[in-house]
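To start, the structure under review is shown below, and the notes come after it.
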Amino acid sequence: MNNFSGFYSAIKNTELEKLFLPVKELVEYKYSSENHGDFEKWLETLKLLPALTPSEIDLDLGSILIGRESDGNPSQLLLLAELFMEFCPWRKGPFKLFGINIDTEWRSDWKWDRLKNHLAPLENRIVLDVGCGNGYHCLRILGAGAKRVVGIDPTLLYVTQFLALNRYIKTDSVHVLPLALEDLPENRPFFDTVFSMGVLYHRRDPLDHLRSLSGYLRQGGELVLETLIIEGEGLTVLAPDGRYAKMRNVFQIPTIKKLESWLKSTNFVDIKIVDISITTSQEQRCTEWMKFESLENFLDPNDNSKTIEGWPAPRRAILVAKKG
Ligand SMILES: C[S@@+](CC[C@H](N)C(=O)[O-])C[C@H]1O[C@@H](n2cnc3c(N)ncnc32)[C@H](O)[C@@H]1O
């Protein structure tokens, strides 16, 4: 039994098989020691996780609740905290695991709070979350009533974090697969809602990314898009040469108008801007669970409206749109 056999059992005889069976071997290959030096260590850590049964799970809280402190004894809880620390850096969250506060780099709950009231109701929907990290938002989507959520993310540590959390949540309705969007066969319109948050600016060809997302949505299905934007009324794009906020792989940051024009040209309709926010050091910061540099180190110390390289500081937009 491998880590993804539960996923394949869960989608048996559904149309999702047409999307995910062709990549079954790839999923197994990607999640292997061939692809990360720490992989064997993570597997060992997963095996050591203490057997605890949560008396309560609440996926509809900002800090996702998995169990109470009283569900374990002090030595089990100490071991649990030490083992979860092995999966650092924890970027997306927070989680409250048997009383342990996993205070992640990002307050991902803030992003959720900005968008949750603007979505078509998630009840009973089949949802794809592209670039889902450790699945924090996938779990919130399930908490909001979705029927099934598939997250994909090529970063193996984040997939491992999800597997560790799901040891205790034990949901069969959310799965996080070790895949990039480009790994999936195209044009399989099986999802009611597709999320792409924090991914578009990492793609060299944003139109290609949007077209590809559209190919996974059923007619009339909803795209939830979150990405970096720049201020301005025109149709301009910032294409940083070199790094942006110390990130090497940021390719295109459009104005909101340009972003809307990209959505229109890829056949999205009913485009709504639901939020524009400047990212603050309260929302993205280093914590006990993410000890590396964070936003504060990526901004000009004398002028927080600029990145350390002199570009406009991170400003993010959330849009929802329907497949036309
Ligand atoms: C900035 S994080 C955003 C995480 C989460 N969606 C959120 O909004 O909090 C971007 C994530 O996208 C993943 N990613 C990068 N390129 C990707 C690709 N081509 N396909 C799918 N995911 C990708 C990264 O591994 C990373 O976890």
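- Side chain of N166 to main chain of T171: a donor-acceptor pair is present (N/O by atom type, distance under 3.5 Å, no hydrogens or angles).
- A salt bridge is absent between D71 and R68: the closest approach of a Lys/Arg side-chain nitrogen to an acidic carboxylate oxygen does not fall below 4.0 angstrom.
- Under a cut-off of 6.0 angstrom, the local environment of CD in E56 is crowded, with over 12 non-hydrogen atoms contributed by other residues, nucleotides or ligands.
- Grouping the Ile, Leu, Val, Met, Phe, Trp and Tyr side chains by contacts below 4.5 angstrom, directly or via other members, places L142 with I57.
- For R315 and T279, the side-chain atoms include no donor-acceptor pair closer than 3.5 Å.
- P178 places none of its side-chain heavy atoms less than 4.5 Å from the side chain of D153.
- Following chains of ILVMFWY side-chain contacts shorter than 4.5 Å, one can reach L119 starting from I273, so the two form part of one hydrophobic cluster.
- Between F98 and L52 the shortest side-chain heavy-atom distance falls below 4.5 Å.
- For the pair F95 and F84, the minimum side-chain heavy-atom distance is 4.5 Å or more.
- Across every non-hydrogen atom of T104 and P94, the tightest pair is OG1-N, 3.6 Å.
- No more than 12 heavy atoms of other residues, nucleotides or ligands lie within 6.0 Å of CD in E69, so this atom counts as exposed by the packing criterion.
- At most 12 non-hydrogen atoms from other residues, nucleotides or ligands lie less than 6.0 angstrom from CD of E296.
- When each of R125, R218, K323 is tested with D192 by the rule salt bridge (charged side-chain N to carboxylate O under 4.0 Å, His left out), just one qualifies, namely R218.
- Side-chain contact annotation: S32 with E34, donor-acceptor N/O pair under 3.5 Å absent.
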R285 and E105: CA distance, side-chain angles, deciding distance, side chain to side chain contact (heavy atoms under 4.5 Å, CB included) verdict
CA-CA 5 Å; R285 72 274 193 260; E105 177 188 19; 5.7 Å; no
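- Residues V27 and Y8 meet the side-chain proximity criterion, which asks for heavy atoms closer than 4.5 Å.
- With 3.5 Å as the limit, one finds no donor-acceptor pair spanning the side chains of T53 and Y168.
- Under the 4.0 Å criterion applied to side-chain N and carboxylate O atoms, K47 and E44 are assigned as salt-bridge partners.
- Applying the 6.0 Å contact sphere to CD of E17 captures more than 12 heavy atoms from other residues, nucleotides or ligands.
- Aromatic rings of F20 and F7 (six-membered ring for Trp) have centroids within the 6.0 Å cut-off, being under it.
- Taking the charged nitrogens against the carboxylate oxygens, K322 and E222 do have a contact shorter than 4.0 Å, which makes a salt bridge.
- Side chain to side chain, H209 and S196 meet the donor-acceptor criterion of an N or O pair below 3.5 Å.
- A continuous path of hydrophobic side-chain contacts links V237 to I256 [ILVMFWY only; heavy atoms under 4.5 Å].
- Using a cutoff of 4.0 Å between basic side-chain nitrogens and carboxylate oxygens, K30 and D183 are scored as salt-bridged.
- Taking each heavy atom of Y31 and V159 in turn, the nearest pair found is CE1-CG1, 3.9 Å.
- Donor-acceptor pairing under 3.5 Å is recorded for the side chains of S277 and R114.
- Within the 4.5 Å cutoff, side-chain heavy atoms of L184 are placed close to those of L19.
- Counting only heavy atoms from C-beta outward, the side chains of F195 and L223 never approach each other to under 4.5 Å.
- Hydrophobic cluster membership is shared by L43 and L48, with clusters built from Ile, Leu, Val, Met, Phe, Trp and Tyr side chains linked at under 4.5 angstrom.
- In this structure, Q76 contributes its side chain and P50 its backbone to no donor-acceptor pair below 3.5 Å.
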